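Each remark here refers to the structure printed beneath this line.
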Number of protein chains: 2
Amino acid sequence: MNKKHGITFETFLKNFKLHVSKLGFKNSIQKDYILKILFYCDEHLTAEQIAHKVKVEYNIDVGIATVYRTVKFFEDLNLIDSLDVGDSVKRYELKIAEHHDHLVCTSCHKIIEFTDEVIEEKQEDIAKENNFILKDHAMIIYGLCEDCQ
Amino acid sequence: MNKKHGITFETFLKNFKLHVSKLGFKNSIQKDYILKILFYCDEHLTAEQIAHKVKVEYNIDVGIATVYRTVKFFEDLNLIDSLDVGDSVKRYELKIAEHHDHLVCTSCHKIIEFTDEVIEEKQEDIAKENNFILKDHAMIIYGLCEDCQ
DNA sequence: GTCTATGCAAACTGTTTGCAATTTA
DNA sequence: TAAATTGCAAACAGTTTGCATAGAC
């Protein structure tokens, strides 16, 4: 069984489709395959990359406008996160893994994920101190990776 | 004396102009006034906002291309930081204050700055653990501010 | 059959670039 | 006067939108 994130894609897709129906929207193979790419991909993909991968890996044509619309649709459903690493291109990733932050190499643009309990807790404190209701956060550390030093 | 950041703008400008000369570049009133706007402004300004403020507050016309070029020039000099809060518009701010992070209201887009020692330290650790040479970081906490809850 | 989703191309936004004219040193 | 800077307009990249067609329910 091709499990990831502790669930098979088939199960995940079934739940997703049901959810879409219940909300009164319609399913499509485009949505399915964009979701599939995001499910199996470990990287943070741009809209162009998603369209390209759907074509190359599953031989399905998806217009770039559809990718943007679908990605926004997923975002509204709170299914994905979008991330701007500083180069003004949005990258997307599924939210089913646990929350993590990013370490970005300013030379080769490699992205490494990390989680830190202390930072997670501190954020709660900071939000509280400023009377904010915490919704989300993004932390990006910029540096030079081993290979680029 | 109109001091800010523990220094008058006149002194700051004089140092800046000297630095520019020493590097072999040329000074201009455009650079001066863009710097002045950034010096006195507490917010994080977009290129358009900078051009607008230079016009309104000092009645100096600056082409938008010049703002972008100047802002990049300042960035190369390590004088300013650029920040993308998630809406794909770059905002700029002078770096003379101590490093800080941002708390952004997802409803009214208010930006609150904060500093946290624990987080600063933790970042060093994380960079080290991943064999990164830390260069910079950006942390944005998203939430709902008091007024928008 | 109705209503949503898609694909295309055109529009749009923020940013960059080429070039001639201007300003600085 | 030589070199950097400016302003304009055109170019550009990523993203969004209008509209006619195709597909889902």
Side-chain angles (χ1 to χ4, degrees), chain A residues 13-14 16-37 44-55 58-77 79-80 82-92 109, chain B residues 13-14 16-37 44-55 58-77 79-80 82-92 109:
Chain A
L13 181 63
K14 207 168 66 186
F16 166 74
K17 278 168 168 284
L18 201 65
H19 191 51
V20 169
S21 299
K22 275 190 183 155
L23 291 170
F25 297 110
K26 286 172 182 168
N27 285 290
S28 70
I29 49 164
Q30 287 84 349
K31 285 198 184 89
D32 294 355
Y33 281 95
I34 291 172
L35 193 63
K36 192 165 186 175
I37 286 296
H44 308 69
L45 302 173
T46 65
E48 292 286 356
Q49 289 173 327
I50 293 171
H52 186 248
K53 274 181 174 279
V54 170
K55 173 65 183 170
Y58 305 112
N59 202 36
I60 308 274
D61 282 297
V62 199
I64 193 68
T66 300
V67 175
Y68 280 110
R69 276 186 288 231
T70 304
V71 138
K72 186 163 292 165
F73 178 77
F74 288 173
E75 234 177 333
D76 291 342
L77 260 49
L79 259 176
I80 66 173
S82 75
L83 169 77
D84 184 339
V85 159
D87 55 357
S88 298
V89 191
K90 280 205 174 139
R91 277 158 223 278
Y92 308 92
H109 300 106
Chain B
L13 182 62
K14 207 168 66 187
F16 165 74
K17 279 168 168 283
L18 201 66
H19 191 50
V20 170
S21 299
K22 275 190 183 155
L23 292 171
F25 296 110
K26 286 174 180 166
N27 286 290
S28 70
I29 49 164
Q30 288 84 349
K31 284 198 184 89
D32 295 355
Y33 282 94
I34 290 172
L35 193 63
K36 193 165 186 176
I37 286 295
H44 307 68
L45 302 173
T46 65
E48 292 286 356
Q49 289 174 326
I50 293 170
H52 186 248
K53 274 180 175 280
V54 170
K55 173 65 182 170
Y58 305 112
N59 201 36
I60 308 273
D61 281 297
V62 199
I64 193 68
T66 300
V67 176
Y68 279 110
R69 275 186 288 231
T70 304
V71 137
K72 186 163 291 164
F73 179 78
F74 289 172
E75 233 177 334
D76 290 343
L77 260 49
L79 259 176
I80 66 174
S82 75
L83 168 77
D84 183 338
V85 160
D87 55 357
S88 298
V89 191
K90 280 205 174 138
R91 278 158 222 278
Y92 308 91
H109 300 107

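All figures in this text were calculated on a predicted structure; none of them were measured in a lab. Basis for what follows: all heavy atoms, side chains included, without hydrogens, waters or symmetry-related copies. Throughout, a chain's letter reflects where its sequence line sits, starting with A, and its residues are numbered from 1.
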Mind checking salt bridge (charged side-chain N to carboxylate O under 4.0 Å, His left out) for B:Asp84 and listing every partner two or more places apart, or none if nothing turns up? none
Sugar-phosphate atoms are those with a prime plus P, OP1 and OP2; base atoms are the rest. Using that split, label each nucleotide of nucleotides 1-8 of chain D B, S or - for protein heavy atoms under 4.0 Å, 5' to 3'. --BSSBBB
Can you name the residues that form a side-chain hydrogen bond (donor to acceptor under 3.5 Å, both in side chains) with A:Thr46, not counting sequence neighbours? A:Gln49
The helix from C:dG1-D:dC25 to C:dA25-D:dT1: angle between its terminal axes, five pairs each, to 10°? 30°
Classify the nucleic acid contact of A:Lys17 as base, sugar-phosphate or nothing, counting any heavy atom under 4.0 Å across all strands shown. nothing
Restricting to non-hydrogen atoms, name the atom on A:Ile80 and the atom on A:Val71 that form the minimum distance, rounded to 0.1 Å. CD1-O, 3.4 Å
Check whether any side-chain heavy atom of B:Leu35 lies under 4.5 Å from a side-chain heavy atom of B:Phe16, and answer yes or no. yes
Relative to the ring of A:Phe25, is the ring of A:Phe73 parallel (under 30°), tilted (30 to 60°) or perpendicular (over 60°)? perpendicular
Interatomic distance, A:Leu23 CG vs C:dT4 C1' [rounded to whole Å]: 13 Å
Rounded off to whole Å, could you give me the CG-to-C1' distance for the B:Asp87 and D:dG14 pair? 14 Å
Taking the ring centre of each residue, are A:Phe74 and A:Tyr92 less than 6.0 Å apart? no
Give a yes-or-no answer on whether the side chains of B:Gln30 and B:Thr70 include a donor-acceptor pair shorter than 3.5 Å. no
Over all atoms of both residues, closest heavy-atom pair of A:Ile64 and A:Ala51: CD1-CB, 4.3 Å
Which residues within residues 45-54 of chain B lie with some heavy atom under 4.0 Å of an atom in DNA chain C? none
Audit row: B:Val67, B:Val54, side-chain contact (heavy atoms from CB on, under 4.5 Å) steps and yes/no: CA-CA 10 Å; B:Val67 176; B:Val54 170; over 6 Å; no
Under 4.0 Å from OP1 or OP2 of C:dT15: is there any side-chain N or O of B:Lys90 that close? no
Give a yes/no answer on whether the side chain of B:Tyr68 brings an N or O atom under 4.0 Å of OP1 or OP2 in C:dT15. yes
Of all the heavy-atom pairs spanning B:Ser21 and B:Asn27, show the shortest one and how long it is. OG-ND2, 3.4 Å
Salt bridge (charged side-chain N to carboxylate O under 4.0 Å, His left out) pairs, two or more places apart, involving residues 18-33 of chain B: B:Lys17-B:Asp32
In whole Å, I'd like the distance from the CZ atom of A:Phe74 to the P atom of C:dA5. 12 Å
